Every structure is written in C-alpha cells, then in structure tokens.
Amino acid sequence: MSSSQTLPEPGPGPEPGPEPEPVPHGQTPEPEPDHHGYTSEPESDSALDLLALEFESSQPDRLIKVCHPLRQRQESKPSVMIGLDLGTSALKALALDASGQVVARARMAYPTHRPAAGAAEQNPADWWAALTGCCDQLTRQVAAESWGGIGLSAMMPTLVTLDAAYRPLGPAITWQDTRASSCAAQLVERFGAAWLYETTGQRLDGRYLLPMARQARRGEDTVAGAKDYLLYRLTGHLATDPSTATGYGAFDLRSGHWDGQILDGAKVPPVVPGVTSYALSDAAAAALGCPAGLPVTVGAADSVMAAHGLGLTTGQIIYVAGTSTVILGLAADRRLDPDRRYLVTPLAGAGFGLEMDLVATGSALAWLARLLRPDGSGATAGLRGDRPGKLDDAAATASASPQRFAFEPGGLEVNACQCQGDTVRWALELAEQSDPDSAPIFLPHVAPGEQGALWNSQLTGLVSGLTLATGAGDLVRGLITGIVVESRRCLAVLADQLGDPTGEVITTGSGAGSALLRQELADASGRPVRHVAGEGDHSAIGAAKLAWQAAGHDAQLGGSLAASQSGLTLPDPARADWWSAAARAADQLRQRVFQPD
C-alpha cells in the first residue's frame, strides 16, 4: 500500500504501515504456531527499528513475541489500559487500572439502517465518530499520558468490504442481516453441512461474512470483520484473531489456518493470536487525543472477551444478554456436537467456547415496548389497572402517535441499547404485574431465524392464545417466557456437554439487569443464576485485560464473581413442571406452524 493513501472520514485515518496484502490460504509463510495451533503474522524485516516484547503465554514453555516501533514506545509506566467494545448499537469504552478496577468509562450510540427487507446496515464512519467521541470522554476522566495501550472487542459477524486502499466499499452489513441466506445455502450444498461443521466448527447461514460478501457482489475486494477494520483504522495493520475468524465461515479449527477451498480466492486478513499488538499510528493518535505508538491489542469477539473479562474457567457458562443473547460454555478442547447444535469458538487463552446465539432477545423486547408505547412519553401509563394494557387501548395510543417503526423498509432502527430505556423498563414492569398463566404463547424469533439449539433460519415470531382480555403486560410476559424457553433449551445442551447440569449460570450484558428475567431463567433451567450488579461492560473489560496481559501484566477483575455486589438468584423447584409445560406448548406450536404434517 502506498503511504499517500488516505482513509475515509470522519477523523483522520491511520498512517498506512508496511501492511502485507491479505491473501488466501496457502500463500502465506508458516511461522511457529501458538498454543491453539494458530500462527502469528510475520513481521517485516524492512520496518522501523523494532522492540520485541516477550512474555509468557498460557503455556509455560511458550513465549509470544509482539513487535512495536521502538521510536514510539512510552517511557513512563502506564496506569490504565483502554478497552473498546464495538457493539451492535453502541461503542463502549473504559479504562482499567492494574488492579482490574474500572476507573473511567464512556459510551456512544450509532444507528442501524434497514433499507430493504432483511437488511441491517451501519456506516463505519459512525463507528469512528463514536470511537473518537468516547476517547474524548475518557481523556477528561483519565489523562491520556497514563494510557498504556488499547484492547479491542466487537460484535460478529459484521462485514466490511475494503477496496485496494482499504477503504470501505458501501455500508457495513451487520450480523442481523439475513439477505445472504441463498449464498450460504450454495456453500452448504457444495461442501456438505457435516464437513463444514467438522472443519470450521460453524453452521453456515446468511449471517457469515463470506456469504454476505458474495450476496453483496463484493467478491473482488478484501473481506474484513468490524473489529478487523477498527484495528486497521487505529494502526494501519489489517488482521483478525481466531475467534473473529470463525465468523467468516472459512477458518479451519484443526489447522489454525484459512481453508482455501471454502475461501475460493476471497481476500481475507491474516489470523494472529488475540494478544498480538500493533502501534497506534500518528494520525489515529491525533484523532483520539492520546500518545502515538500505544500498543493496540487485536483482542477477540465480544462473547469471548466477556468470558475473559469475568475470569471464567473451563466448565462454566456465561449468558451475555444484549441486543441478542450469546450463551457460551467453556471447554478445554475442540468439542464438536454430533447434532451441530452449537458453534465452536476459540477463546482468548487456551480452550474453546461452545456457543449458542439467540438472535432476537433484547431487540425483541425493545421492539415490543415501542409498539406498546410508541412515543416513549408515558402516554400509555394509563394502561395499568386491574388488567394492565388492553390491546384496544394500546392500539388507540399507537394511532394517536403515528411514527415509522423499526422494521419498515427504509426506516431507521433504534436497537435495544438505543431504545428509550424507560420504555423498556416500563414494559418489564407491566410483565412483572402479569400472571404468567395469562400470557400467550410467544415464539420470539422476530429477527427472523434462530441460531440457538434449534438453528432454523425459517423461523419467525408467532403469538398464539390472544383474547380480548390480553393485556400489554401479558404480551411482554409471553415474549420473556418465549426467550427463556429457548435459553432453557440451550443450557440443557451445554449441561450435557460440560457435565454440570446444576452449576451456576453467569449473566452479564444490559438485558441481564432484569430481575424478572434472571428469576425466570433460574426457575426454567433449575440452575442458580449469578449476576454481577452494576457492571455490564465485561467485553470491554476483557479487551482491557488482554491489553494488560499483552504488556506482561496479568490484570485481575478484582474478584468480581465473589464480590459483595454479586447477586445469586436461586431456582424455585416448584416452578420446574410449569416450565416443562411451557416448553412443550412452544414446541407444539412451532411444529404445527413450521413443520406441518
């Protein structure tokens, strides 16, 4: 790449470094693998003078070498590391000190555009604007001179296609987009679902990057994930980590390399260990208001970083509830499921995550809350009463406040984290007042499709059992029940694989703040649910922790799971039969509608 090439606005782009062109599998050198079997990107001998930092990996006999330009290294000892989490609806940033305490944080939202049916797009320029805004907020809380580095985490799979100068070609396509289903089906037909799962640990559908790129007819350009692009904007280096690489749909878990057959000539970044760091460019440093040369650690996918931030170990399960919900069980080995009910994702250290994704959870609750209270002003507060929220009253409120809703073609989605928080809380309060036996059966697949234990892209949302007595709270309660039924199904699968059917489920994310959801989850699964109150940014914490580790310091989270603010919700055994009946009713409805005789 030419050093004169520039990057898109807003904000100045990074100074392009000696970036190797991303190439298909089989054309890159084969350096020594790390403890996963994944290889580091070879450093250029023609680069500026380099300082090699060596530190211990999770295997005592392994050292990982991370290179940074010597002329840009800080002399003073850092006091904080910055963790960045590029989420579905907002970028979260925080500063983590050496004891593992969060000492500053910031958050900035961005929109998702839905220009057509099934579309879900974002503007990468909005991500950069959110990043610069968050860093401005952080520097007001913690002096930039005390920053020791930056760690990255991001949603996945979200596609950014890049031209020869690594500039985005059109909008980013997020994981919520369903338009590439036919392209994914062609890949599955060509290679076979069983072979693809055995090779990649994934079940390919239209939410993976390669099918997305082919559907968008961007096959001649470089395919990159959202975090990979953010790394490039910060450092001038394009690379991905093993967990993010799984979202492309062509990463061979056995070899730790891209599979050339699946890539079929597609250009992709090199895969490097998540602890690999590159120096922050002069231009990016000026845009962020921090010193140039800070090491930027590659990091990992948001679910993996959340588990890392919580300090979880093998055998534990994390329930990350946000716009979607990721249920991740931690295993010591690459453990495939004969029925392909979960995905296999490399962790930040040793081991693998057994991952199950519920596509519409927080986004479904926000959507329903907006339908019932569209102006967010409290106009429907009068729906409370003996039977809170009659449907005809809710409809009258909606007609009095007409507006364009999230899923209208050409509309602008306000995601779960962007939605008026009081409107979602209002809906949850209505649900708490509702008798669960009065709630309709609600299949929660409004995204549509499902990647949990069912894994069926044809599923859509469905409500059964409405009467004139059904209230708004009953509808919300039904949706929560539907979400928990699918969560219960996923937890049962992971319990079988991990051999711990009664162990704690660790919850994090904005959606886990609901006491109702946590109690329902505990009762339905028969497992205690532990929630760390007051902290929902564990993905950003994990990214900052990994940055500390890359610098040779193993930051702890301050014992978050044992801290006094950690709450434990115990299951009510008396509710077990009720939940079994609710699950059977949901299964019968789904089979009757989507699998008729």
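Position 1 is the first residue of the sequence; numbering continues from there. All figures in this text were calculated on a predicted structure; none of them were measured in a lab.
Panel note: side chain Thr132, backbone Ala129; a donor-acceptor pair is recorded below 3.5 Å. Judged by distance alone, with hydrogens and angles left aside, the side-chain atoms of Tyr166 form no donor-acceptor pair with the main-chain N or O of His237 at under 3.5 Å. His538 places no side-chain N or O within donor-acceptor distance of the main-chain N or O of Thr508, the cut-off being under 3.5 Å. Side chain of Thr361 to main chain of Thr325: a donor-acceptor pair is present (N/O by atom type, distance under 3.5 Å, no hydrogens or angles). With hydrogens and angles ignored, the 3.5 Å screen pairs a side-chain donor or acceptor of Arg114 with a backbone N or O of Ala119.
Across Gln176 and Ala120, no two heavy atoms sit closer than the pair CB-CB, 3.7 Å. Closest of all the heavy-atom pairs between Ala172 and Pro124 is N-CD, 3.9 Å. Here the closest heavy-atom approach between residue Leu86 and residue Ala226 is recorded as CD2-CB, 3.7 Å. Taking all atoms of both residues into account, the shortest heavy-atom contact from Asp537 to Arg105 is OD2-NH1, 2.9 Å. In terms of heavy atoms, Leu138 sits closest to Ile82 at CD1-CG2, 3.8 Å. The two residues Pro273 and Pro242 have their closest heavy-atom pair at CA-CD, 4.4 Å.
In this structure, the side chains of Tyr232 and Val160 stay at 4.5 Å or more apart for every pair of heavy atoms. Put simply, the side chain of Trp147 reaches to within 4.5 Å of the side chain of Val142, judged on heavy atoms. Side-chain contact check for Asp136 versus Met108: every heavy-atom pair is 4.5 Å or farther apart. At a threshold of 4.5 Å between non-hydrogen side-chain atoms, the residues Thr178 and Ser457 do not count as touching. At least one side-chain heavy atom of Arg254 sits less than 4.5 Å from a side-chain heavy atom of Thr199. Using a 4.5 Å heavy-atom threshold, the side chains of Phe251 and Trp258 count as touching. In this structure, the side chains of Asp259 and Thr200 stay at 4.5 Å or more apart for every pair of heavy atoms. Counting heavy atoms from C-beta on, the side chains of Asp302 and Met155 come closer than 4.5 Å.
At a cut-off of 3.5 Å, with distance as the only test, a side-chain donor of Gln202 or Tyr208 sits close to an acceptor on the other residue. In this model, no donor atom of one side chain and acceptor atom of the other lie less than 3.5 Å apart for Thr323 and Thr88.
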Between Gln215 and Leu159, does the side-chain contact (heavy atoms from CB on, under 4.5 Å) criterion hold? Intermediate values first, please. CA-CA 11 Å; Gln215 188 276 333; Leu159 170 71; over 6 Å; no

Which is it for Thr158 and Tyr229 under the side-chain contact (heavy atoms from CB on, under 4.5 Å) test, yes or no, and what are the steps along the way? CA-CA 10 Å; Thr158 289; Tyr229 171 70; over 6 Å; no

Run Ser277 and Thr297 through side-chain hydrogen bond (donor to acceptor under 3.5 Å, both in side chains) and show every step you take. CA-CA 4 Å; Ser277 297; Thr297 305; 3.0 Å; yes

Are Leu231 and Val298 close enough, and set up right, to give a side-chain contact (heavy atoms from CB on, under 4.5 Å), and what steps lead you there? CA-CA 7 Å; Leu231 174 71; Val298 172; 4.0 Å; yes

Should Tyr197 and Leu336 be marked as a side-chain contact (heavy atoms from CB on, under 4.5 Å) after you check the CA-CA gap, both sets of side-chain angles, and the distance that decides it? CA-CA 8 Å; Tyr197 184 75; Leu336 300 176; 3.7 Å; yes

Carefully, step by step, assess Thr240 and Asp228 under the rule side-chain hydrogen bond (donor to acceptor under 3.5 Å, both in side chains). CA-CA 5 Å; Thr240 193; Asp228 310 334; 3.0 Å; yes

Enumerate, atom names and distances included, each donor-acceptor pair closer than 3.5 Å involving a side-chain atom of residues 353-360, sequence neighbours excluded.
from   : atom 1 : to     : atom 2 : distance (Å)
Glu355 : OE1    : Thr345 : OG1    : 3.0

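Asp241 and Lys227 are joined by a salt bridge, as a carboxylate oxygen and a charged side-chain nitrogen come within less than 4.0 angstrom of each other.
Annotation: the span from Ile150 atom CD1 to Cys135 atom SG amounts to 6.0 Å, rounded to 0.5 Å. Distance check, rounded to the nearest 0.5 Å: OG1 of Thr222 to CZ of Arg167 gives 12.5 Å. The distance from atom CD of Glu145 to atom OG of Ser79, rounded to the nearest 0.5 Å, is 10.0 Å. To the nearest 0.5 angstrom, Trp455 atom CH2 is 10.5 Å from Arg340 atom CZ. Atom CG of Leu152 is separated from atom CG of Leu131 by 9.0 Å, given to the nearest 0.5 angstrom. Taken from OG1 in Thr161 to CE in Met212, the straight-line distance is 11.5 Å, to the nearest 0.5 Å.
Geometrically, Arg233 engages Trp128 in a cation-pi contact, judged by NZ or CZ lying under 6.0 Å from the ring centre and within 45° of the ring axis.
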